[in-house]
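For reference, the structure discussed in these notes is given below.
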Amino acid sequence: MWVEHLSRYVGETVTLRGWVYHRTRKGKLVFLRFRDGTGICQCVVFKPNVSEEVFERARSVTQESSVVVTGTVREESRAPGGYEIDVQDFEILHLAVDYPITPKEHGPDFLLKHRHLWIRSPRQAAILRVRAGVERAIRDFLDGNGFIEADAPILTPSACEGTSTLFELEYFDLGNAYLSQSGQLYAEALAMALGKVYTFGPTFRAERSKTRRHLTEFWMVEPEAAFFTLEDIMDMAEDMVEYIVQYVLRHHRRELEFLGRNLEKLEKVRRPFYRMSYTEAVEWLRQHDVKLHRKTPDGKEILVDFPWGEDFGAPQEEALMEQFDKPCIVHRYPAEVKAFYMKRDPEDPRVVLAMDMLAPEKGGEIIGGSQREDDYEALKQRILEHNLPLEDFQWYLDLRKYGSVPHSGFGLGIERTVRWITGVEHIRETIPFPRMLYRIEP
RNA sequence: UCCCCGGUAGCUCAGCUGGUUAGAGCGGGUGGCUGUUAACCACUAGGUCGGGGGUUCGAAUCCCUCCCGGGGAGCCA
């Protein structure tokens with residue numbers, strides 16, 4: 001018997017097992033806010049209706065004690081949720097002593113130190129339910145479109161996107177290994193075996209970033225498909241994000257409402273999304289006088305017109321997105337600012353066939369993807385240009401040696417997507433146990 | 001790595017232009033109340049004012065330094 005099914009049992013006597021979320025005492029009445037993970041319901045203990053011992057137990061029970069409640073379900077407009085339990089019997093399984101998180105305000109440091117308890121609060125539980133919904137929607141969409149889930153390794157021998165952001169560890173007698181920062185290279189090999197694949201798992205970046213958009217451990221889904229071009233992968237990314245948002249609206253409306261999310265804005269997330277090339281985006285930034293902070297060699301800060309060739313930072317992306325009410329894909333970035341494996345645009349060798357999807361409402365970058373370089377010599381050249389150890393990439397070059405085909409893929413960050421859809425400000429609330437620059441516990 | 005902000009009761013904060021025994025609300029405890037929604041009322045316990053050093057007759061308050069946290073930049077999903 002769970003709280004979520006309570007409305008089916010009006011007039012009946014039920015037994016609920018769970019925790020005391022809140023208690024109010026009022027003379028001969030005790031109100032208990034009871035939660036069991038599926039929902040919250042109010043239990044009323046009225047002294048004349050129960051034994052002396054039961055009333056005393058209810059009166060003295062503490063927040064987050066585990067309890068068994070037996071009583072009659074009734075509709076009651078004064079109760080939060082519309083239903084309440086008229087208690088006949090009340091048993092304490094375990095009395096919680098000095099539960100630290102009260103219904104009042106707390107600071108982020110305190111809450112994060114108690115993350116193992118913080119997740120019991122209704123707001124955190126709602127966010128984690130939406131997260132589960134986002135993950136379910138992703139698998140639903142990809143499985144339904146013929147993509148095979150194929151997991152990439154987490155322990156890897158080399159870098160994927162450069163060596164500055166890797167967590168390093170010792171791997172027996174074989175030297176250093178690293179925690180994966182992307183499953184993409186393996187996804188490419190899997191796509192050559194299975195056609196359309198996706199990897200889904202945790203990834204790790206040893207970036208020293210301290211913002212509300214960064215975690216050192218985050219989850220990413222990375223679809224990769226043989227014979228897909230940049231255009232194909234952009235269409236698919238739009239399809240998938242539309243599906244995720246509409247799925248969550250359908251299945252987690254209650255949680256989104258509880259979180260205070262503006263649902264009308266999410267309803268608008270329908271294809272087609274906006275699209276512009278990097279070059280068009282630069283023109284827009286210049287026309288709208290969005291400048292770039294630059295440091296001169298003598299350390300002075302100056303403002304300059306946004307130069308073609310520079311990568312966008314968060315301030316530029318935010319300025320660009322203010323005009324849009326749904327996501328926008330920016331494509332064809334300068335080759336210099338992007339990863340070595342991205343294919344050059346045959347129509348403009350200065351740019352690569354890459355794309356980022358930016359979410360509106362300060363959602364930021366949620367997707368990064370590209371068409372991959374499929375020519376053996378060109379790829380080898382890029383690896384050398386980026387000063388990467390060729391021997392580590394021999395297997396990856398093999399993919400261009402034995403039946404190379406055009407292929408594309410992208411990575412979608414789960415936490416950033418959950419952050420955007422729920423509207424929570426900080427990414428630390430979108431994963432059960434966040435890993436950040438200065439925080440690894442609990 | 002760099003820039004900005006902060007650290008006072010279990011929690012959230014006030015006090016900080018130096019001056020007696022350091023305050024409030026919440027939470028805890030005790031008592032009161034049959035409808036509370038973060039209840040209310042009364043009483044009560046609770047503090048090396050982040051650590052170290054310095055200035056001073058006197059430091060929570062000023063200075064130095066270290067530690068911890070928050071926000072942002074860069075980098076990225």
Side-chain angles (χ1 to χ4, degrees), chain A residues 21-33 40-49 55 59-60 62-63 76-82 84 86 96-114 121-122 160-162 164-165 181-184 202-222 237 292-295 299 301 310-318 337-339 355-359 363-369 410-420 425-428 430-431 436-439:
Chain A
Y21 171 60
H22 190 252
R23 180 196 62 188
T24 303
R25 289 177 293 197
K26 225 193 157 302
K28 294 186 175 115
L29 269 177
V30 177
F31 296 96
L32 298 171
R33 210 75 48 74
I40 288 180
C41 93
Q42 176 165 282
C43 302
V44 183
V45 189
F46 185 36
K47 197 171 183 186
N49 292 354
F55 188 76
R59 213 188 61 80
S60 62
T62 52
Q63 192 189 353
E76 170 57 73
S77 58
R78 288 172 292 185
E84 70 178 18
D86 188 13
V97 178
D98 296 334
Y99 185 73
I101 301 179
T102 69
K104 287 277 180 177
E105 287 169 38
H106 297 286
D109 186 42
F110 178 81
L111 287 170
L112 285 163
K113 278 181 176 147
H114 296 87
S121 73
C160 173
E161 316 209 3
S164 59
T165 62
Q181 49 184 190
S182 161
Q184 185 207 309
T203 47
F204 307 85
R205 308 252 169 117
E207 288 157 3
R208 305 185 81 85
S209 354
K210 245 176 62 168
T211 79
R212 19 187 148 183
R213 302 182 308 279
H214 286 88
L215 295 167
T216 54
E217 176 180 320
F218 65 97
W219 283 62
M220 189 152 64
V221 61
E222 295 177 275
L292 182 73
H293 286 266
R294 258 254 171 91
K295 269 202 176 144
E301 278 231 358
E310 192 83 15
D311 203 0
F312 299 137
Q316 288 81 37
E317 288 180 353
E318 220 169 84
V337 302
K338 288 291 179 183
M355 62 98 165
D356 284 353
M357 187 188 289
L358 310 176
E365 187 180 339
I366 58 170
I367 281 180
F410 64 82
L412 175 138
I414 303 304
E415 290 77 15
R416 286 195 178 173
T417 303
V418 174
R419 174 173 172 261
W420 164 52
E425 285 217 347
H426 205 297
I427 199 163
R428 64 189 165 209
T430 65
I431 186 167
M436 294 175 291
L437 181 53
Y438 293 123
R439 206 177 281 282

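Letters A, B, ... are given to chains in the order of the sequence lines, protein chains preceding strands, and every chain is numbered from 1.
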[X] [atom1] to [N] [atom2]: how many Å, rounded?
X: A:R208; N: B:rG72; atom1: CZ; atom2: C1'; value: 16 Å
X: A:Y438; N: B:rG70; atom1: OH; atom2: P; value: 10 Å
X: A:F312; N: B:rG74; atom1: CZ; atom2: P; value: 13 Å
X: A:K26; N: B:rG32; atom1: NZ; atom2: P; value: 13 Å
X: A:L29; N: B:rG32; atom1: CG; atom2: P; value: 15 Å
X: A:M357; N: B:rA77; atom1: CE; atom2: C1'; value: 13 Å
X: A:E415; N: B:rC76; atom1: CD; atom2: P; value: 18 Å
X: A:Q316; N: B:rC76; atom1: CD; atom2: P; value: 13 Å

Touch class at under 4.0 angstrom, heavy-atom based, for [X] against every strand present:
X: A:E76; answer: base
X: A:I366; answer: sugar-phosphate
X: A:E222; answer: nothing
X: A:K28; answer: sugar-phosphate
X: A:G313; answer: sugar-phosphate
X: A:L215; answer: base
X: A:D356; answer: nothing
X: A:P100; answer: nothing
X: A:H114; answer: nothing

Strictly below 4.0 Å: does [X] bring a side-chain N or O up to OP1 or OP2 of [N]?
X: A:R439; N: B:rG70; answer: yes
X: A:H106; N: B:rC26; answer: no
X: A:K210; N: B:rG72; answer: no
X: A:R428; N: B:rG71; answer: yes
X: A:R213; N: B:rA73; answer: yes

Nearest-nucleotide pick for [X], side chain only, options being [options]:
X: A:T211; options: B:rG35, B:rA73, B:rC76; value: B:rA73
X: A:E365; options: B:rA77, B:rG70, B:rU36; value: B:rA77
X: A:E84; options: B:rG35, B:rC76, B:rU1; value: B:rG35
X: A:K104; options: B:rC33, B:rA38, B:rG35; value: B:rA38
X: A:A314; options: B:rG35, B:rA73, B:rG71; value: B:rA73
X: A:L112; options: B:rG70, B:rC76, B:rA38; value: B:rG70

Problem - hbond_proxy A:R416 side chain to B:rC76 base (donor-acceptor, 3.5 Å cutoff) - result: yes
Practice task
Please confirm whether any donor atom in the side chain of A:E105 sits under 3.5 Å from an acceptor in the base of B:rG27, or the reverse.
Solution key: no
Handout entry: Any A:I367 side-chain heavy atom under 4.5 Å of A:R416 side chain
Key = no
Practice task
Taking the side chain as every heavy atom from C-beta outward, state whether A:R439 and A:K113 have any pair of such atoms under 4.5 Å apart.
Solution key: yes
[N]: pairing nucleotide in any strand, Watson-Crick or G-U under 3.5 angstrom:
N: B:rU1; result: B:rA73
N: B:rA59; result: none
N: B:rC33; result: none

Check whether any side-chain N or O of [X] sits under 3.5 Å from a backbone N or O of [Y] as a donor-acceptor pair, and report yes or no.
X: A:T102; Y: A:K104; result: yes
X: A:R23; Y: A:R59; result: yes
X: A:E318; Y: A:P315; result: no

Problem - Nearest-nucleotide 5' precedence on RNA chain B, A:P48 against A:K338 - result: A:P48
Practice task
Identify, between A:F110 and A:I427, the residue whose nearest nucleotide on RNA chain B lies closer to the 5' end.
Solution key: A:F110
Could you tell me how far [M] sits from [N] if I compare only their [atom1] atoms? Round to whole Å.
N: B:rU1; M: B:rU17; atom1: C1'; result: 36 Å
N: B:rG70; M: B:rC64; atom1: C1'; result: 24 Å
N: B:rA14; M: B:rC33; atom1: P; result: 38 Å
N: B:rG32; M: B:rU48; atom1: C1'; result: 38 Å
N: B:rU61; M: B:rU20; atom1: C1'; result: 16 Å
N: B:rC5; M: B:rU65; atom1: P; result: 15 Å
N: B:rG18; M: B:rC62; atom1: P; result: 9 Å
N: B:rG51; M: B:rG69; atom1: C1'; result: 15 Å

Exercise for the section: Would you say whether A:F218 stacks on B:rA77? The test is a distance between ring centres of less than 5.5 Å and an angle between planes of less than 30°. Expected result: yes
Handout entry: Which atom of A:H106 lies closest to which atom of A:P100, heavy atoms considered
Key = CE1-O, 3.9 Å
Practice task
Mind checking the CD-OG1 spacing from A:Q184 to A:T203? Nearest 0.5 Å is all I need.
Solution key: 12.0 Å
Practice task
Let me know which of A:Q181, A:R205, A:R208 forms a side chain to side chain donor-acceptor pair (under 3.5 Å) with A:T165.
Solution key: A:Q181
Practice task
Indicate the ring-plane relationship of A:H114 and A:F110, choosing parallel, tilted or perpendicular according to the 30° and 60° boundaries.
Solution key: tilted
